[in-house]
Amino acid sequence: MLDARFVRENIDILKRALEKRNYPLDLSGFLSLEDERLGLLKESEELRNKRNTVSGEVGKLKRQGQSTDKLIEEMKGVGEKIKAIDETLRVIEDKARMFLLNVPNIPHESVPVGKDETENVEVRKWGQPREFDFAPLNHWDIAETLDIVDFERGAKIAGARFAVMKGAGAKLERALMNLMLDLNTSKGYREIFPPILVNRESMTGTGQLPKFEAELFRIVDPEFYLIPTAEVPVTNIHRDEILREEQLPIHYTAYTPCFRREAGSYGKDVRGLIRQHQFNKVELVKFVKPEESCNELEKLTADAEAILQKLGLPYRVIALCTGDLGFSSAKTYDLEVWLPGQQKYREISSCSNFEDFQARRANIRFKREGKKGTEYVHTLNGSGLAIGRTAVAVLENYQQKDGTVVVPEALRPYMGMDVIK
RNA sequence: GGAGAGGUGGCCGAGCCGGUCGAAGGCAGCCGCCUGCUAAGCGGUUGUGGGGGUAACACCCCACCCAGGGUUCGAAUCCCUGCCUCUCCGCCA
């Protein structure tokens with residue numbers, strides 16, 4: 001969320017940002033809404049001031065045993081007036097807040113301008129896609145042959161886009177999870193295992209609500225949302241808190257299952273593990289001082305890359321252009337891993353700097369040493385990494401002609417085997 | 001699920017038969033004084049958000065004693081609802 005005051009004082013900056021994002025949003029009503037809001041606020045406050053003064057008077061007079069009837073009579077009317085004004089004020093405030101909650105973040109100046117994903121920019125590449133002397137298979141074919149993933153029974157138990165991992169498949173998930181957490185914690189990230197059901201406030205804090213309700217699984221009674229990413233519970237750890245300067249930066253890593261409706265993606269990636277309603281992910285989350293967030297995004301991205309390097313999986317780093325940037329993000333790098341079965345790079349991590357956008361929604365602040373007042377922290381996060389997709393990448397990149405899969409060196413201690421067969 | 005207790009400032013903790021309460025007192029923190037150093041002691045000071053104001057400070061106003069409603073001229077204090085915490089009983093991985 002952007003600051004109301006910032007918006008009304010920088011309406012042109014916002015207008016340009018929305019254009020760059022290719023995000024149609026009518027700003028025209030907002031300023032008059034704010035005018036009205038501030039007018040009513042002033043009126044209400046003046047009346048309250050009067051009431052406070054007179055009520056104090058009444059108290060004094062009563063103690064002196066004097067008559068206060070006229071004053072009380074007069075104040076009755078004032079109280080009603082305040083109530084009436086506050087009622088309209090509340091309606092206006094709700095409107096203003098709703099408006100602000102639906103305004104996306106302003107892209108960082110370093111983000112390439114572009115209309116959609118076709119104008120994203122490749123920043124760098126790592127690793128050479130392997131040359132196969134046979135036609136590499138898709139991971140679902142590999143997995144079915146090895147009997148380590150069962151899509152049919154996943155569908156029977158739950159439905160489409162669910163899978164059962166079996167044997168070495170299940171172990172591969174667990175091994176990847178452990179490898180990632182070990183690697184991340186060795187770099188100073190503190191391991192977190194958070195709730196995976198959260199309340200509405202948390203979903204609003206990180207920006208999933210109110211705009212993206214359709215993408216979430218929800219429990220009705222009692223009301224909970226299933227998290228679509230660990231970003232939600234982990235960022236909300238510090239919701240409504242004022243941190244001390246010396247606590248920053250805070251680096252967390254968390255494994256959680258993630259749940260997504262994938263509404264509107266019918267027909268996309270219907271086969272395989274790429275797009276599931278439930279998947280595992282290890283996440284990296286940072287809370288930092290504003291002046292550090294830019295640099296911290298580079299480091300966070302590098303930390304996610306390190307996992308792919310450790311696994312020997314070729315990938316490229318993409319800077320999302322303004323038109324493809326997520327709603328809450330000021331800047332995002334996507335990591336795309338090479339999938340021989342599809343002959344394509346596919347997204348496996350998304351690393352973003354939200355600057356103060358989430359912090360303002362979630363009210364996460366910090367206090368500088370010896371300085372008055374508070375500032376919003378900057379929040380960042382990135383997958384490090386999506387486990388299901390990493391498993392896919394391992395299966396496809398390390399497959400052999402006979403249908404078996406070589407276990408990457410780094411994963412062997414965790415798998416307890418050299419080859420999946 | 002049943003019965004009870006409670007949620008106050010960075011922390012502890014008063015107030016809770018309505019007005020003098022943004023809230024006593026203590027601790028912690030900061031500034032000064034004092035002492036050869038340390039400890040002790042003395043004086044002062046220390047919340048957040050919003051609106052106005054200023055070149056910037058200052059300053060003024062409003063709100064905030066879990067949250068949301070209500071009663072009242074006036075609510076931390078009374079009433080209702082919700083959330084959370086604790087204790088006992090039951091149930092349970």
Quick one: on RNA chain B, does A:T374 or A:K76 contact a more 5' nucleotide (nearest heavy atom)?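 By nearest-heavy-atom nucleotide position, the 5'-most residue is A:T374.
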Taking for each residue the nucleotide of RNA chain B bearing the nearest heavy atom, is the 5' side occupied by A:R63 or by A:L41?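 Upstream on the strand: A:R63.
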Classify the nucleic acid contact of [X] as base, sugar-phosphate or nothing, counting any heavy atom under 4.0 Å across all strands shown.
X     : result
A:V58 : base
A:R37 : nothing
A:K62 : base
A:R5  : sugar-phosphate
A:K50 : nothing
A:K70 : nothing

Would [X] and [Y] count as having a side-chain donor-acceptor pair, cut-off 3.5 Å?
X      : Y      : answer
A:N363 : A:R361 : no
A:D35  : A:S32  : no
A:T235 : A:E231 : no

Can you find a side chain N or O atom of [X] that sits less than 4.0 Å from OP1 or OP2 on [N]?
X     : N     : result
A:K83 : B:U71 : yes
A:R90 : B:G68 : no
A:R51 : B:C62 : no
A:N49 : B:C61 : no
A:R48 : B:G74 : no
A:R8  : B:G51 : yes
A:K42 : B:G51 : no
A:N52 : B:C62 : yes

Using purine N1 to pyrimidine N3 plus N6-O4 or O6-N4 for Watson-Crick, or N1-O2 and O6-N3 for G-U wobble, both under 3.5 Å, which nucleotide pairs with [N]?
N     : value
B:A23 : none
B:A14 : none
B:A75 : none
B:U48 : B:A63
B:C88 : B:G2
B:U35 : none
B:U54 : none

Between B:G49 and B:U45, how far apart are the two P atoms, rounded to whole Å?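 Between the two P atoms, the distance is 22 Å.
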Using atom P of each nucleotide, how far apart are B:G25 and B:U46 to the nearest Å?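 The same atom, P, in both gives a distance of 13 Å.
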Are A:H238 and A:Y252 close enough that their ring centres sit under 6.0 Å apart?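 So the answer is yes for these two rings.
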Nearest-nucleotide pick for A:R365, side chain only, options being B:U48, B:G52, B:C61: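 Among the listed nucleotides, the one closest to the side chain of A:R365 is B:U48.
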Looking only at the side chain of A:I242 (C-beta and beyond, no hydrogens), which of the listed nucleotides B:G51, B:C73, B:U48 gets closest?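 So the side chain of A:I242 is nearest to B:U48.
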Indicate the ring-plane relationship of [X] and [Y], choosing parallel, tilted or perpendicular according to the 30° and 60° boundaries.
X      : Y      : answer
A:F162 : A:H277 : tilted
A:F193 : A:Y255 : parallel
A:F259 : A:F217 : perpendicular

Given atom CD of A:E87 and atom C1' of B:G70, what is their separation to the nearest angstrom?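 It works out to 13 Å between those atoms.
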